[in-house]
Amino acid sequence: MERKHLSSIANHVLQRSAEELGSSVDHLVKEFEAKWTPEVGDYSKKLVEFCSSKALIKFCQNIKEKIGDGSYSRFTYDMMLAWDNPRVVDEESSTEESIGKEKEDRKILVKEPTDQDDISLFYSDQMPLLVNHEPSVEEDAFMWLSSLVPLAADIVNRRFTFETLTAPTGKRLFYPAYDRFLKEIDNCMRHLQKQAKPKDIELADDEFILHVEGTATSQRVVRHIGGSSWPVIAALELLTVEGTFLGRLTLTNYALYFEASGVINYEDALKIDLSRKIDHSVKPVATGPWGAPLFDKAIIYECPDLQEGVLLEFPEITSSTRRDHWLALIKEILLMHNFLSDFKVECPIQAWEMHARTILSIIRLHAAREMLRIAPPSPTEFLIFSLYEGLPKGDYVLEQLAQSLKRVNSGQPCSASSILRKLNLPEPNILSLEAKIESEVSETIAVGKDDDSKTSLETAINQARKEGRGVAKARAVMEGLKEEGIGENATILMELLKPLRSVFPWFREILSWERPATTLLVFAAIILIVYKEWIGKALSAGLLLVVANMIRARQERLKDKQKEIVVCTGSDHTPSTRESIVSAQYGFLTVREIIKEANVTILKLHSVLVSRAHRHANTVMLAMIGLAIMFAVIPFKYLIIVVLFHSMITTSPLAKHMVNNQGGDRDRRLREWWESIPPTPIRVINEAPVSPK
C-alpha cells in the first residue's frame, strides 16, 4: 500500500526495496518506526534512507550482474531521486521547476541521431536539451549515495567528481549519463583483467594492473636513454635511433614496468618500484633532437638508486593529454604509498581498503575519459591523493582519512574491497573481518547516528574546498599577467654568476653538518662576535681582506693576464652551435621564470600594503607590531644569538629526524598562506598615455 505523504518515486523505491529483501513495505515501515524518533529529522527522508540502504546491501552482493543488466543503476538512481524528493510536496515543486526549464530550452530546436554507440550521449553538447523532460539528481543526493557505496565516487572526492561529471549538463545528473558511467566502469574493469602480465614478472598477491599502453592495439610508448632522442621519428618507426626503444608500459598499484619491444616478443621488463620509502620523484620533461626541449610529451622518473633517470615519451600529434594522464596515475600511486607510510597504516585490512579505494578511483578516471573523449576531465578530480596534495589544508583531509581507516570493515558488502571482489577482482590473501550486521547499518540511519570520523572528514573536506577556491582566484589573477620576453644576455648573465655558485656548497656543508668540527667553529665564532659586539671589527676585517686581494691582483698584474672574461657555451662532444642554442633556451626560460616570480612577489606585497588582501594585511600588521615590540624590549644581539642557536640545533641530524614532520607542516601552512594572497591586477598597454598640456 502506498503512503500518501510520500512521493511516487519514494513509494516506488520502498516497494522495490521490499521486493529485493523478500519482505513487505509494511514490515519495513514498522521496523523503521520502532527505531525512529522525531528528533532525528524528516520522517519521509529517513524512511527512504532506511529502506533503500538495506536493499543496497543485497544489491552489492551481486553487483556485477546488476550493473550489466542495468538494475543497479536504475535502482540507485531512483534512490537518489527519492532522497531528493521524499514527500509529495517536494515532488510537485520539483516538477514545476523542471517544466519551467524545459519550456525555456524548447526554444532551441535540436536534431540528434538515435545511434549513440560511437558518440556518447553523455558528453554531447545537446545533452541538457534532450533529457530535460526527465528528472535529474542534485549534488547532495549523489553525495549521500557515495557515502553508502564507493562505486560512482569516493567519499573524499565525491563533490569534485559530481561537478566534473555534470559539467556538460549544467550541474544536473541525468540517468543516461549515470548509467553509461557505471557501465564504463564495468567495461574498464573487464579490460584491465584481460591485460597480460609483464614478461618474467610475478605480480604480488595484492598487485593489480591499472593501466597499459604500448601494445599493438594502443598508442606507442618510447623510452629514451642518453641525451639524443628523436621521439616523433622513433614513434613512427621511420628510423631506428640509438638510445630510443619502443615498448609496453604497465602500471600497477605497486610498480611501473617497461618492456622494450623485441623482434618477436617483449624483452625482460624493467621494474620501477613505487612502493619504497625513498626520495623518488616523477615529473614532466620535454625531449627533442640533441636534448633540445621541443616536444613536451614525456615524463622522467628519478631516484638515488639510478644514475640516470628513466625517460618515457608518449607521442601524440597535438596535446600532451596522454603524458598528463600517466603522470597523474604514477603520482597517485606514489602518494598512496607515502600516505600509508607516513600515517603508519600497518594493518593489512586497512592498507588493502586504501588500495581498493585508489584502484576504484583510477578506474573511475578511465571510465570518465572514455565518456568525455572530446574534452577529457582533469585527473585530479577523480583521484584521491593527487587532489588533496594540491589543495590548501589537504593534509588535514588526509589526516582525517587515516583516522577513518581505523574503523574500516572490509567484510561489509558495500566497502571498496568488497566491490572489487564482486567485480571479479581477486581479493589478496589477508585476514578479513566479519561482515557488519545489516541491522546495525539500518539502525544507524534510523536513529540518526553520525559517524564521528565521517563528520570530521567532511568538515576537513569543506574547509579544503573553501581554501582552494581562494587560492584558485589568486592563481587566476597571476595567470592573467602578461609576460614580457628577455634578451640574449640571459646566457651571459648565467655564466657570469657561475663563480658565485662555488660559495653555496661551502655554506651547504656548514649548515648540513657534513663537517661537524668546521660547523661548530663557525657558529662559535659568529656567536662570540655577536656577544662581544665585534660586528664592526668583523666588517673591518672583511673589508681589509678584500683590499689585500685587490693589492695581490695588482702585484700579479691580473689585468694584463686576463684582459677579458670569456664565456664559453660550447662543448667538446657536440658542435658548439647546437649546445649554444639549447643552453640559451634553458637560460632564457630560467631567467624568465625568475622575473615572473619577482613580478608576482612585488604585486602580492603591493596587495598586502594597500590592504587589497584585507585578511592577510591584518596578519602582517599584527606580526610587525609584535616584532616591533620585541625589537624595542630585547637587545638585538640576544635575538641574533637565539636565531643562531635555533639554526644550529634545527639543522643538526638529530633535530631534523625529530621535527621533520612538524617542519613540513609549518612550511606548508606558510606556502599556502602566501599562495592565497591575490596579487594586484596589472594591465599592459602598447600606447603611451597622453600627457596633459
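- Taking H337 as the reference, nothing meets the side chain to side chain donor-acceptor pair (under 3.5 Å) condition, with sequence neighbours excluded.
- Looking at heavy atoms from C-beta onward, E399 lies in side-chain contact with F343 at the 4.5 angstrom threshold.
- When all heavy atoms of F174 and Y77 are compared, the closest pair comes out as CA-OH, 3.3 Å.
- With values rounded to the nearest 0.5 angstrom, T358 atom OG1 is found 9.0 Å from L210 atom CG.
- Rounded to the nearest 0.5 Å, atoms CG (D395) and CG (L401) are 12.5 Å apart.
- Side chain of E332 to main chain of S386: a donor-acceptor pair is present (N/O by atom type, distance under 3.5 Å, no hydrogens or angles).
- Summarising the geometry of K604 relative to I677, their closest heavy-atom pair is NZ-O, 2.6 Å, with the distance given to 0.1 Å.
- Side chain of E302 to backbone of V282: no donor-acceptor contact under 3.5 angstrom is found.
- The CH2 atom of W83 sits 11.0 Å away from atom CG of L145, with the distance rounded to the nearest 0.5 Å.
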Mind running side chain to side chain contact (heavy atoms under 4.5 Å, CB included) on R465 and I461 for me, showing each step along the way?
-> CA-CA 6 Å; R465 280 170 52 86; I461 292 173; 4.2 Å; yes
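- To the nearest 0.5 Å, atom OG of residue S44 and atom CG of residue N85 are 11.5 Å apart.
- The shortest distance between side-chain heavy atoms of T321 and R369 falls below 4.5 Å.
- Contacts of E672 classified as side chain to side chain donor-acceptor pair (under 3.5 Å), with partners at least two apart in sequence or in another chain: R668, R669.
- Looking at every heavy atom in both residues, L340 comes nearest to A351 through CD2-CA, 4.3 Å.
- At least one side-chain heavy atom of L457 sits under 4.5 Å from a side-chain heavy atom of V156.
- With sequence neighbours left out, the side chain to side chain donor-acceptor pair (under 3.5 Å) criterion links S275 to D273.
- You'll find the side chain of L165 reaches within 4.5 Å of the side chain of T161, heavy atoms only.
- Partners of D296 according to the salt bridge (charged side-chain N to carboxylate O under 4.0 Å, His left out) rule, which considers only residues two or more places apart in sequence or in another chain, are R323.
- Ring geometry for Y388 against F160 counts as perpendicular: the plane angle is over 60°, on a 0 to 90° scale with 30° as the lower cut.
- Separating the CD1 atom in I640 from the CZ atom in F645 is a distance of 13.5 Å, to the nearest 0.5 Å.
- Smallest separation of non-hydrogen atoms from K297 and S319: NZ-O, 2.8 Å.
- When all heavy atoms of P168 and L372 are compared, the closest pair comes out as CG-CD2, 4.1 Å.
- The pair E533-K637 counts as a salt bridge, with a side-chain nitrogen and a carboxylate oxygen less than 4.0 angstrom apart.
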Check the pair L148 / S53 against side chain to side chain contact (heavy atoms under 4.5 Å, CB included), numbers first and verdict last.
-> CA-CA 8 Å; L148 298 178; S53 299; 3.6 Å; yes
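- Contact check for D42 versus P86: side-chain heavy atoms found under the 4.5 Å cut-off.
- Taking T76 as the reference, Y178 meet the side chain to side chain donor-acceptor pair (under 3.5 Å) condition, with sequence neighbours excluded.
- Side chain of S607 to backbone of P678: a donor-acceptor contact under 3.5 angstrom is found.
- Side-chain contact between W674 and T601 is present, with heavy atoms from C-beta onward closer than 4.5 Å.
- Partners of R276 according to the salt bridge (charged side-chain N to carboxylate O under 4.0 Å, His left out) rule, which considers only residues two or more places apart in sequence or in another chain, are D305.
- H606 places none of its side-chain heavy atoms less than 4.5 Å from the side chain of P679.
- Ring-plane geometry between W352 and H355 is classed as parallel, the angle between the planes falling under 30 degrees on a 0 to 90 degree scale with a further cut at 60.
- A salt bridge links E458 to R159: one of the charged nitrogens lies within less than 4.0 Å of a carboxylate oxygen.
- Remark: the backbone N or O of W673 is paired with a side-chain donor or acceptor of S676 at under 3.5 angstrom.
- A donor-acceptor pair is defined here as one N or O able to donate and one able to accept, closer than 3.5 Å; no such pair exists between the side chain of E353 and the backbone of S415.
- A donor-acceptor contact shorter than 3.5 Å links the side chain of K171 to the backbone of E163.
- Between the side chain of R364 and the main chain of L151, a donor-acceptor pair closer than 3.5 Å is present.
- Using cut-offs of 30° and 60° on the angle between ring planes, the pair H325 and H211 is perpendicular.
- Checked by atom type and distance alone, the side chain of D154 never pairs as donor or acceptor with a backbone atom of P150 at under 3.5 Å.
- Of the possible donor and acceptor atoms, one in the side chain of T166 sits under 3.5 Å from a partner among the backbone N and O of F162.
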Side chain to side chain contact (heavy atoms under 4.5 Å, CB included) evaluation trace for V345 with M354 = CA-CA 9 Å; V345 182; M354 198 67 254; 6.0 Å; no
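- Within the 4.5 Å cutoff, side-chain heavy atoms of L173 are placed close to those of F142.
- In summary, E389 and K331 do not engage in a salt bridge, as defined by a charged side-chain N under 4.0 Å from a carboxylate O.
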Begin with the C-alpha distance, continue with both residues' side-chain angles, and end with the deciding distance and a verdict on side chain to side chain contact (heavy atoms under 4.5 Å, CB included) for I333 and I362.
-> CA-CA 10 Å; I333 301 302; I362 293 177; 4.0 Å; yes
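- Using cut-offs of 30° and 60° for the angle between ring planes, the F314 and W326 rings count as parallel.
- The distance from atom CG of L335 to atom CD1 of I330, rounded to the nearest 0.5 Å, is 12.0 Å.
- Of all heavy-atom pairs between V471 and P392, the closest is CG2-CG, 3.3 Å.
- A donor-acceptor pair under 3.5 Å links the side-chain atoms of D84 to the main chain of E138, judged by distance alone.
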